[in-house]
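Inspection log for the structure reproduced underneath, given as structure tokens.
For clarity, every value in this text was computed on a predicted model and none was experimentally measured. Throughout, a chain's letter reflects where its sequence line sits, starting with A, and its residues are numbered from 1.
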Number of protein chains: 2
Amino acid sequence: MSEAADRRAPTMADVAKVAGVSHQTVSRVLSDHPNVRESTRIRVREVIAELGYRPNPAARALVTKRSRTLGVVAANTTLYGPASILAGLEHAARDQGYLVAAVSLDELSETALRKALEHLAAWGVEGAVVMTPHERTVTALLRLAAPFPIVTVEGGHDLDVPGVALDQYAGARMVTEHLLSLGHSSVWHVAGPRQWLEAEGRYQGWRAALDDAGVPVPQSLSGDWSAASGYQAGKLLAAAHASLDEASKPTAVFVANDHMALGVLRALREAGLRVPEDLAVAGFDDLPESDYFVPPLTTVRQDFAAIGRAGVGLLLQRIEAPSAAPVHTTLMPELVVRSSTGAPAGR
Amino acid sequence: MSEAADRRAPTMADVAKVAGVSHQTVSRVLSDHPNVRESTRIRVREVIAELGYRPNPAARALVTKRSRTLGVVAANTTLYGPASILAGLEHAARDQGYLVAAVSLDELSETALRKALEHLAAWGVEGAVVMTPHERTVTALLRLAAPFPIVTVEGGHDLDVPGVALDQYAGARMVTEHLLSLGHSSVWHVAGPRQWLEAEGRYQGWRAALDDAGVPVPQSLSGDWSAASGYQAGKLLAAAHASLDEASKPTAVFVANDHMALGVLRALREAGLRVPEDLAVAGFDDLPESDYFVPPLTTVRQDFAAIGRAGVGLLLQRIEAPSAAPVHTTLMPELVVRSSTGAPAGR
DNA sequence: GAGAGTTTTGTTAGCGCTAACAATACCGTG
DNA sequence: CACGGTATTGTTAGCGCTAACAAAACTCTC
């Protein structure tokens, strides 16, 4: 630290001078170019370490036209699912040498999405993953032309944008069939908001399972994913249980996510109904705490890390070959059976 | 689109040529420099819109030496609290014209933190917010010299790094005093892991409240923040309730977070204890679903958006004046009373 | 309507890096 | 040891932008 006032970060030229080579040779060492004599490589590496040299990413991006940055646009990042996917995406991107710029949408409007994409464009991201659970977001995305490739997560597959999604339909079928196999004459459903693609997929899977089994399809209820809305739906279920005749009263319900299922459980309990004896309940998501609900919740688990890896993989592929046909990746969920649908005594 | 093969993005020079001005004038329009004739400004703006010109952030960063990017390092981003803070930080940063690069730590080691900071450094962030809930992370942070300013969130205040934190101590006192005011002879505690600063703060607040009230301090239990660990602690509490004499058995417990409180509630229920009649329970965090636990949980709420704003504010301040004395901001939590500590009948 | 000031615009240089090409150094061969 | 070839290194240009300075163009005044 004796060299006075030289507080600015060392540049490639500084390294070159100290090592007694040209700056280009330093650049070659940094990019692992094969044609560098071993002794030179070692010497340059020493000087780099000694000076604490760090390549300037802006200069590199300027000349290579690659920012090595990916954007991620997500709504509801405080929910377990989206948050897990975000973490998975970041992990995968970092492994590939990319920085992740996160933008959270606090509202699902086209305007908010446009602003988010513009923000990312202004910083020159090479591509972005957009978590588009909502129908509105998807149509907005189709209208909006971003200056970089885009991949969707949970965005449905009838798009000409590549995407990764969990097979909501299959997951819903699994739970419904599990409930039917337990001897229930039918299965009720508390759906999520219809404009959410996940809600729609789960609804369709539930219906298809009932249709295939040839059992009657009860009126479906719906909520907004929150425990509060599940509680309201649960009160309706309790009322139906109390007032309908033996043949048509609900004995099993598939709730579209675990948070709402929590609300349902509470409402049933308050109404004096026992789970699963009077009414079996299943959810979707497998929150870490779902095993500690009263009773522990049967639910559907998804592999978020895999979703993140697939999303980043698809995006990088898209960046390399922007014109290739859009690819869709579908991941399978897994049924987790706990006592809310059977084994009344609990763990 | 008639100009063939001109697929590359327009540059400032292109805009200048079309508008019949020098590129510098375009630059001045972009940066709202006052000395530009109004008619020129309008003309340039038109051409910018017409060509769909977007300034190249790498070129700008190269010459200004400002990336206008902030890093955020966080562990446990799938938990409600950290996820909310992350969203708050992103929001505040975007308002200030900054991009947020998110890095999630999947392990709390010094190595993981170092790698995360190096990753951010390699992309030239101007500063970073590090969410350092764990003692180990904090000491690691002190050892690690990042080439940019750092601000901590929930990192404790005995550092020479500026930080924002919620007053855990005050929050814990509030709950404990609330329970004492209800007539309980003492309050038990299920703590978080001791190395977590939040856990420590809550523990100290609980103890201080008991000491000040001159009541006996029961043995404290502890968990790892998860519902599973809360369940284990709950079993111990139930056992204590069953076996201790009337004077020393637990009648009230303050659990260090809502997830563990959920586990405690389940264990107590399984043991046949009623909440709040046999044992009052309070948590900390106020999850969106805490109002739907059985029974609804008394807890402590924090303002995450405010934490985000404060963090970004502190960081920007630090970037402007890196040498200023470290400032610490403390935010006050709020007690939310629900039926798990009283009003047994519920809502 | 010339001179001094004030706007407004243009010109030049250079941020730190990589790509392309040019120039050496080194190798084995006959 | 001169030759062609290959391995290694150096030189030059330029990515797209802002800062600093230089030059016009426009104001006023008297």
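Side-chain N/O atoms of A/Asn56 include none lying less than 4.0 angstrom from OP1 or OP2 on C/dG16. Between B/Ser22 and C/dT9 there is no side-chain polar atom (N or O) within less than 4.0 angstrom of OP1 or OP2. For the OP1/OP2 pair of D/dG16 and a distance below 4.0 Å, the side-chain nitrogens and oxygens of B/Thr11 include no atom meeting the criterion. Neither OP1 nor OP2 of D/dT18 sits under 4.0 Å from any side-chain N or O of B/Lys65. Side-chain nitrogen and oxygen atoms of A/Thr64 include none within less than 4.0 Å of the OP1 or OP2 phosphate oxygen of C/dA19. Between C/dT8 and B/Arg37, no contact under 4.0 Å exists linking OP1 or OP2 to a side-chain N or O.
If you measure from atom CZ of B/Arg54 to atom P of D/dC17, you get 13 Å, rounded to the nearest angstrom. A/Asn35 places its CG atom 5 Å from the P atom of D/dT8, with the value rounded to the nearest Å. Whole-Å rounding puts the B/His33 NE2 to D/dA19 C1' distance at 11 Å. To the nearest angstrom, C1' of C/dT9 lies 16 Å from CZ of B/Arg43. Between the CZ atom of A/Arg66 and the P atom of C/dA19 there is a distance of 11 Å, given to the nearest Å. Between the CZ atom of B/Arg60 and the P atom of C/dG14 there is a distance of 22 Å, rounded to whole Å. Atom CZ of B/Arg41 is separated from atom C1' of C/dT8 by 11 Å (rounded to the nearest Å). Straight-line distance from the CD atom of B/Glu38 to the P atom of D/dA25: 21 Å, rounded to whole Å.
Taking only side-chain atoms of A/Val21, from C-beta outward, the nucleotide of D/dG10, D/dC17, D/dC15 with the closest atom is D/dG10. In the set D/dC17, D/dA13, D/dT9, the nucleotide with an atom closest to the side chain of A/His23 is D/dA13. Nearest to the side chain of B/Thr25, among D/dT8, C/dC17, C/dG10, sits C/dG10.
Between B/Lys115 and B/Glu118 there is no salt bridge, since none of the side-chain N atoms of the basic residue sits less than 4.0 Å from a carboxylate O of the acidic one. Salt bridge A/Glu126/A/Arg66: present, at least one basic N to carboxylate O contact under 4.0 Å.
With hydrogens and angles left out, the side-chain atoms of A/Ser22 and A/Gln24 include no donor and acceptor closer than 3.5 Å.
Put simply, the side chain of B/Arg28 and the base of C/dG10 share a donor and an acceptor less than 3.5 Å apart.
Note on B/Ser31: nothing from the nucleic acid sits closer than 4.0 angstrom, heavy atoms only.
Outside the 6.0 Å centre-distance limit, the rings of A/Tyr80 and B/Tyr80 are not counted as a close aromatic pair.
Here the side chains of A/Ile319 and A/Leu315 are in contact, with some heavy-atom distance below 4.5 Å.
With the nearest nucleotide of DNA chain D identified for both B/Leu62 and B/Gln24, B/Leu62 has the one nearer the 5' end.
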